[in-house]
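Along the sequence shown, residues carry numbers from 1.
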Amino acid sequence: LQSQFRLTYNMILNLLRVDEMKIEDMIRRSFAEFNAQSALPSTKALLKKASKACTSLDMVEWPVDNDACPESLIQQYAQCVNEGSEIGKYLMGKIQDSNYVSKILTPGTPVLYYQNSAGDLPQMAIICAVKNAPQAYGALGKSRKKLTVFVLHNKSMPMTEAVDKLEETKRKLSELNIRDKQSGGEKGFYQLENSRMHKPHLFSRKLPVTMESKGHLWSILEIDADDILCIMKGSMNGFDSNAVLANEEGIITDTVDFLRKKGDDFLSGKEMLVSAKNDLKLQDIDDIQSYLKLSGTVARLQRFECNSSNRLFEQFRIIQAKHKIGQRVSQLRHKLSDASLHQMPEFHQRVVILQHFGYLDDLQLVKMKGRVACEIQSCDELLATEMIFRGMMTGLKAQEAIALMSSLVFQGERSGEDENVLFLDNSSMHMLRQKTEELIFLAQEVGEIQGEILDQPDDYDRKLNFGLLQPTYEWASGMPFSSIMEGTSVMEGTIVRTIIRLEETCREFKDAARVMGDPHLLKLMEEASFLIKRDVIFAASLYVA
């Protein structure tokens with residue numbers, strides 16, 4: 001089921017006139033908000049839980065010692081990392097969509113790896129393998145990439161976490177009956193006799209794995225390409241990904257040394273990123289600007305004094321945890337607020353339009369034009385009200401006025417509009433022809449204003465239909481219904497329904513005239529209503545007589 005609830009200017013104006021009910025209450029009760037309103041109890045429970053977690057984090061004591069950094073500095077560092085991560089995700093998406101992805105993401109390429117969800121710091125890594133990620137059935141576009149990367153962990157990783165990672169790897173490898181070489185295990189995993197004959201598939205089945213070499217902790221992970229914050233210059237010479245995945249000691253040591261040197265270069269502030277045009281083949285000006293912004297963010301990241309702190313990992317996680325739970329609390333509060341209602345943006349946009357045309361003041365109080373628009377129900381309230389206030393009814397006879405009003409009400413096929421050309425070309429119809437042109441210009445103006453403000457503007461090119469201009473004029477002039485039918489292709493029932501609706505519109509215009517205090521418009525509408533309420537169209541029905 002799909003909700004058909006739509007906001008109208010008349011509805012907005014009427015609700016703004018009363019204090020008993022707000023527009024938010026009306027939207028909340030619509031079927032379009034049913035699912036969101038049904039989830040309110042669970043959302044409130046989640047908010048309570050998240051707020052409690054937020055309070056607990058606020059109570060965590062900030063580390064204070066010689067190696068700790070001020071909380072404000074870590075907050076700035078975390079903000080810089082998050083900014084770079086967002087830009088990096090966008091650019092990695094562009095790279096994966098390009099035809100050069102296989103030349104950009106190659107084994108041996110150094111990268112800065114950062115996975116926000118894991119709570120890790122940005123860390124030096126090198127690509128070992130690239131493959132296509134599984135793609136949903138029927139999905140369009142190029143497939144995303146999965147990378148196997150060798151990550152050199154930051155020295156500030158807590159000891160307890162490092163031990164846990166090493167113990168987990170030991171357990172995984174023992175399941176494959178593979179023992180660490182340094183503990184005197186079998187050589188079946190290493191295949192030292194022939195360095196080109198490795199068994200990386202055994203290692204890959206148990207990713208992620210974490211080990212230690214020369215006092216440095218490293219891991220081999222499988223990650224999404226979107227987790228690459230940036231790609232760095234200078235691929236590793238002689239890099240053998242198969243040897244790395246087979247845990248060959250020599251290549252592991254070389255890889256650790258290579259990434260350690262890259263890390264030292266990073267901390268020293270050297271320019272690390274590859275070229276946007278020459279290496280990444282970025283052509284779009286927006287992409288290049290994004291890459292320049294990323295370069296600036298990485299440069300700022302390199303200058304932070306906290307990069308050398310042994311407490312950075314611990315402090316960074318505290319800040320990130322606070323940031324995430326704070327975002328979660330904000331999202332849940334937004335869901336519970338009026339701002340989350342699906343049609344609230346459209347409401348505010350329509351209010352801007354009403355203020356532009358003078359129906360509301362700056363405080364959203366209904367002005368005279370707004371009170372008049374509240375009386376219009378049977379046709380477009382904006383066009384009808386503007387017709388009245390711009391004097392389009394002035395100088396017209398009752399027959400001409402009701403004929404002009406028919407363009408607001410008639411909803412039949414537009415083929416009948418061609419029949420009005422000769423009718424309006426008559427010299428006696430010059431006033432009606434002028435008013436018709438003014439009304440068309442008015443509809444275009446309203447449509448243009450709506451197009452600038454509304455996300456989904458109404459189609460004002462279809463609001464006016466002059467297909468019944470001549471038949472309505474002739475009926476108001478007293479011509480018999482049979483004679484009118486001889487000169488038009490519009491069906492009899494359509495004409496009858498339109499004339500009956502026009503009489504209703506006349507009553508609404510009379511009410512509007514009373515609100516305005518306009519006796520001329522009131523008299524004109526009374527005369528027009530009298531002229532069309534006659535003969536077969538308004539005869540009592542045989543079924544109820």
Side-chain angles (χ1 to χ4, degrees), residues 3-18 20-23 25-27 29-30 343 346-347 350-351 353-355 357-360 364-390 392-393 398 401-412 439 442-443 446-447 450 454 457-460 462-468 472 476 493-518 521-533 537-538:
S3 173
Q4 296 300 311
F5 176 77
R6 296 292 182 272
L7 287 173
T8 64
Y9 295 109
N10 190 291
M11 178 194 302
I12 294 171
L13 290 167
N14 276 298
L15 288 171
L16 290 176
R17 291 178 67 184
V18 296
E20 290 76 13
M21 189 170 187
K22 300 188 298 182
I23 188 70
D25 298 327
M26 176 71 74
I27 296 175
R29 287 176 170 85
S30 69
Q343 291 179 310
E346 181 185 353
F347 164 70
R350 290 189 180 272
V351 165
I353 293 172
L354 290 171
Q355 290 173 332
F357 285 105
Y359 293 75
L360 298 173
Q364 295 187 10
L365 297 176
V366 181
K367 300 170 71 173
M368 174 62 73
K369 287 180 75 172
R371 292 169 56 198
V372 170
C374 289
E375 305 296 331
I376 309 299
Q377 305 282 345
S378 60
C379 59
D380 186 273
E381 56 270 42
L382 239 60
L383 285 180
T385 306
E386 291 300 316
M387 277 180 63
I388 294 172
F389 276 86
R390 297 193 186 193
M392 292 186 185
M393 310 297 285
I402 199 68
L404 187 64
M405 290 165 61
S406 71
S407 62
L408 300 174
V409 175
F410 180 45
Q411 296 178 344
L439 185 56
L442 170 63
V446 174
Q450 284 207 103
L454 281 178
D458 302 326
D459 186 6
Y460 268 81
R462 310 289 297 179
K463 288 284 185 179
L464 298 178
N465 190 339
F466 295 97
L468 214 60
T472 304
T494 303
I495 295 177
V496 170
R497 285 194 301 272
T498 303
I499 298 295
I500 292 175
R501 285 192 63 193
L502 269 174
E503 198 278 327
E504 180 184 349
T505 306
C506 284
R507 293 200 304 269
E508 294 170 358
F509 271 52
K510 285 190 287 185
D511 293 337
R514 294 188 182 96
V515 171
M516 296 172 60
D518 187 344
L521 179 61
L522 179 62
K523 182 178 179 181
L524 182 66
M525 290 298 101
E526 287 177 343
E527 183 180 354
S529 178
F530 175 78
L531 291 175
I532 62 174
K533 287 183 67 174
I537 292 181
F538 286 89

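Inter-residue side-chain proximity for Leu502 and Ile532 is flagged as met; some heavy-atom pair is nearer than 4.5 Å. Looking at Arg371 and Met516, their side chains never come closer than 4.5 Å, going by heavy atoms from C-beta outward. Side-chain contact between Thr385 and Tyr359 is present, with at least one heavy-atom pair separated by less than 4.5 Å. Residues Phe357 and Val446 meet the side-chain proximity criterion, which asks for heavy atoms closer than 4.5 Å. At a threshold of 4.5 Å between non-hydrogen side-chain atoms, the residues Arg497 and Gln411 do not count as touching.
Gln355 meets the side chain to side chain contact (heavy atoms under 4.5 Å, CB included) test with Val351, Leu360, Gln364; sequence neighbours excluded. In this structure, the side chain to side chain donor-acceptor pair (under 3.5 Å) partners of Arg514, at least two apart in sequence or on a different chain, are Asp511. Looking at residues two or more places apart in sequence or on another chain, you find a side chain to side chain contact (heavy atoms under 4.5 Å, CB included) between Arg507 and Glu503, Glu504, Lys510.
Salt-bridge formation is not detected for the pair Lys523/Glu527: no Lys NZ or Arg NE/NH1/NH2 atom is positioned less than 4.0 Å from an Asp or Glu carboxylate oxygen.
By the neighbour-count criterion of 12 heavy atoms within 6.0 Å, atom CZ of Phe530 is sparsely surrounded, having that number or fewer from other residues, nucleotides or ligands.
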Is there a side chain to side chain contact (heavy atoms under 4.5 Å, CB included) between Met392 and Leu442 once you walk through the steps? CA-CA 10 Å; Met392 292 186 185; Leu442 170 63; 3.8 Å; yes
Please walk me through it: do Met393 and Met525 pass side chain to side chain contact (heavy atoms under 4.5 Å, CB included)? CA-CA 10 Å; Met393 310 297 285; Met525 290 298 101; 3.6 Å; yes
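Atom CG of residue Leu13 and atom CD of residue Glu375 lie 11.0 Å apart, to the nearest 0.5 angstrom.
Across all non-hydrogen atoms, the minimal contact from Leu531 to Ala476 is CB-O, 3.6 Å.
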